[in-house]
Amino acid sequence: MRSRPVQVKAIRSRMNTTDTDTNLVKRVQQGNRHAFDMLVVRHQRRIAHVISRYIQSPQEIEDLVQETFIKAYRGIKTFRGDSQFSTWLHRIGVNTAMNYLSTKRSRIPLYEPPLGEDTNEVVTPETVDDEDPERLLASRQIAETISSALKRLPEELRTAITLREVEGMSYEEIAGIMKCPIGTVRSRIFRARESVAATLRPLLDSCRDKRW
Amino acid sequence: MSLFLDSELTADKADALIDELRSNSDARNDWFLYHLVGDSLRGRPIIDDGFSLRIMEKLAAVEMDPTYDPLKSND
């Protein structure tokens with residue numbers, strides 16, 4: 001009986017909260033472009049990651065990510081919510097990459113790697129980024145800053161944000177695992193994000209007005 | 001902001017936050033940074049900082065088309 005109020009509160013919290021993507025998509029469909037900009041910031045790296053499984057050139061990846069979002073915005077009114085927005089966007093990204101490869105193959109002869117090249121090497125966009133070494137360096141610096149900041153977090157904050165961001169657990173599930181109230185989970189996740197973001201702000205502040 | 005990232009806000013508070021982001025550059029910056037932290041944890045590429053702005057610049061010329069289905073089109 002003592003745990004009941006917590007359970008009731010958690011259920012009520014779930015019933016009243018709104019899925020962020022669903023909310024943003026609804027606003028876009030009503031004509032709010034700014035809401036779509038928020039979706040871009042939210043999903044851009046995931047789409048870049050998906051496309052990078054098929055495309056190696058960073059410039060081509062960027063072009064295809066742009067094309068993906070352009071198609072998504074143009075066709076947003078045909079999104080009915082039968083799947084999650086992220087799933088719909090993912091499919092557009094994959095289709096865009098596949099169409100590009102199909103067009104490219106029809107124009108360029110099959111690539112034959114020169115003798116001696118290790119064709120089993122796993123290549124990521126970073127390892128072939130000879131187009132802009134400065135950009136690559138900046139990306140690595142950001143990644144290292146985030147990694148260091150995460151390692152410096154108190155264990156309970158690092159655990160909370162990892163369970164949320166990597167394992168995709170809900171606040172309620174995290175509260176169960178960490179044996180703490182949901183309010184404590186909220187606080188830990190916020191403090192973890194804010195602590196890491198604080199180390200990034202000086203690094204990225206010069207570009208903030210060019211961001212979005 | 002943190003709660004909104006995780007779909008833990010009520011609809012009215014979410015709507016208010018969306019409106020605030022439009023005019024508050026610090027809040028927009030936090031939206032960007034918090035997503036950067038999460039994406040980094042998930043091993044996603046740390047892409048160039050002007051990336052999203054370049055996408056939005058291209059989007060400025062695009063209009064919604066209620067007859068266009070991106071999953072059925074071959075473009």
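Every chain is numbered from 1, with letters handed out A, B, ... down the list of sequences.
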Contacting region of Phe79(A) [heavy-atom separation from chain B under 4.5 Å]: neither
Atom CZ in Arg28(B), atom NE2 in His34(A): separation rounded to 0.5 Å? 6.5 Å
Determine, stepwise, if the pair Val37(B) / Ile161(A) fulfils side chain to side chain contact (heavy atoms under 4.5 Å, CB included). CA-CA 10 Å; Val37(B) 172; Ile161(A) 195 169; 4.2 Å; yes
How long is the gap from NZ on Lys58(B) to CZ on Phe69(A), to the nearest 0.5 Å? 13.5 Å
Examine whether an atom of Asp15(B) lies under 4.5 Å from a heavy atom of chain A, and if so say whether it belongs to the side chain, the backbone or both; otherwise answer neither. both
Using modelled atom types only, decide if a donor and an acceptor are shared between the side chain of Trp31(B) and the backbone of Val41(A) within a distance under 3.5 Å. no
Is there a side-chain contact between Arg22(B) and Asn32(A) in this structure, where contact means two heavy atoms from C-beta onward sitting under 4.5 Å apart? yes
Flag the one option from Leu5(B), Asp12(B), Thr67(B) with the top tally of heavy-atom pairs under 4.5 Å to chain A. Leu5(B)
Report yes or no: do Thr20(A) and Ser7(B) form a side-chain donor-acceptor pair below 3.5 Å? yes
Val166(A) and Leu41(B) have their tightest heavy-atom pair at CG2-O, 3.8 Å
Any side-chain heavy-atom pair of His35(B) and Met38(A) under 4.5 Å: no
Looking at Ser52(B) and Gln44(A), what are the two nearest heavy atoms and their distance? CB-OE1, 3.2 Å
Residue part contacting chain B, namely of Arg42(A), when any heavy atom lies under 4.5 Å: both
Do Glu62(A) and Arg54(B) touch side chain to side chain, with heavy atoms closer than 4.5 Å? yes
Please check this pair: side chain of Arg33(A) against backbone of Leu59(B), looking for a donor-acceptor N/O pair closer than 3.5 Å. yes
Go through Val50(A), Val65(A), Thr162(A), Asp21(A) and name the one with the most non-hydrogen pairs under 4.5 angstrom from chain B. Val65(A)
Check step by step if side chain to side chain contact (heavy atoms under 4.5 Å, CB included) holds for Met64(B) and Phe36(A). CA-CA 11 Å; Met64(B) 281 187 263; Phe36(A) 194 80; over 6 Å; no
Can a salt bridge be assigned to the pair Asp30(B) and Arg201(A) using a cut-off of 4.0 Å between side-chain N and carboxylate O? yes
Which atoms of Asn95(A) approach chain B - backbone, side chain, both or neither, heavy atom under 4.5 Å: side chain
Hey, does the side chain of Thr78(A) reach the backbone of Tyr68(B) with a donor-acceptor pair shorter than 3.5 angstrom? yes
What part of Leu71(B) gets within 4.5 angstrom of chain A, counting heavy atoms only: side chain, backbone, both, or neither? both
What residues of residues 82-94 of chain A make heavy-atom contacts with chain B at a cutoff under 4.5 angstrom? Trp88(A), Arg91(A), Ile92(A)
With a 4.5 angstrom heavy-atom cut-off, is it the side chain or the backbone of Leu17(B) that approaches chain A, or both, or neither? neither
Can you name the closest pair of heavy atoms from Ile146(A) and Ser40(B) and give their distance? CG2-OG, 3.4 Å
So do Tyr171(A) and Leu3(B) actually touch side chain to side chain, heavy atoms under 4.5 Å? yes
For residues Leu204(A) and Leu36(B), determine if any side-chain heavy atom of one lies less than 4.5 Å from a side-chain heavy atom of the other. yes
Search all heavy atoms of Asn23(A) against all heavy atoms of Ala11(B) and return the closest pair with its distance. ND2-O, 4.0 Å
Honestly, the part of Ile189(A) sitting under 4.5 Å from a heavy atom of chain B is both
Residues pairing under salt bridge (charged side-chain N to carboxylate O under 4.0 Å, His left out) where one sits in residues 149-171 of chain A, two or more places apart or in two chains, turn out to be Arg164(A)-Asp6(B), Glu165(A)-Arg193(A), Glu165(A)-Arg42(B)
Any idea which heavy atoms bring Pro70(B) and Gly75(A) closest together, and the distance? CD-CA, 3.9 Å
Considering only heavy atoms, which portion of Ile70(A) lies under 4.5 Å from any heavy atom of chain B: side chain, backbone, both, or neither? both
What distance do Arg45(A) atom CZ and Arg44(B) atom CZ have between them, rounded to the nearest 0.5 Å? 9.5 Å
Do Glu194(A) and Tyr34(B) meet the criterion of a side-chain donor-acceptor pair at a distance under 3.5 Å? yes
Which atoms of Asp69(B) are under 4.5 Å from chain A, going by heavy atoms: the side chain, the backbone, both sets, or neither? both
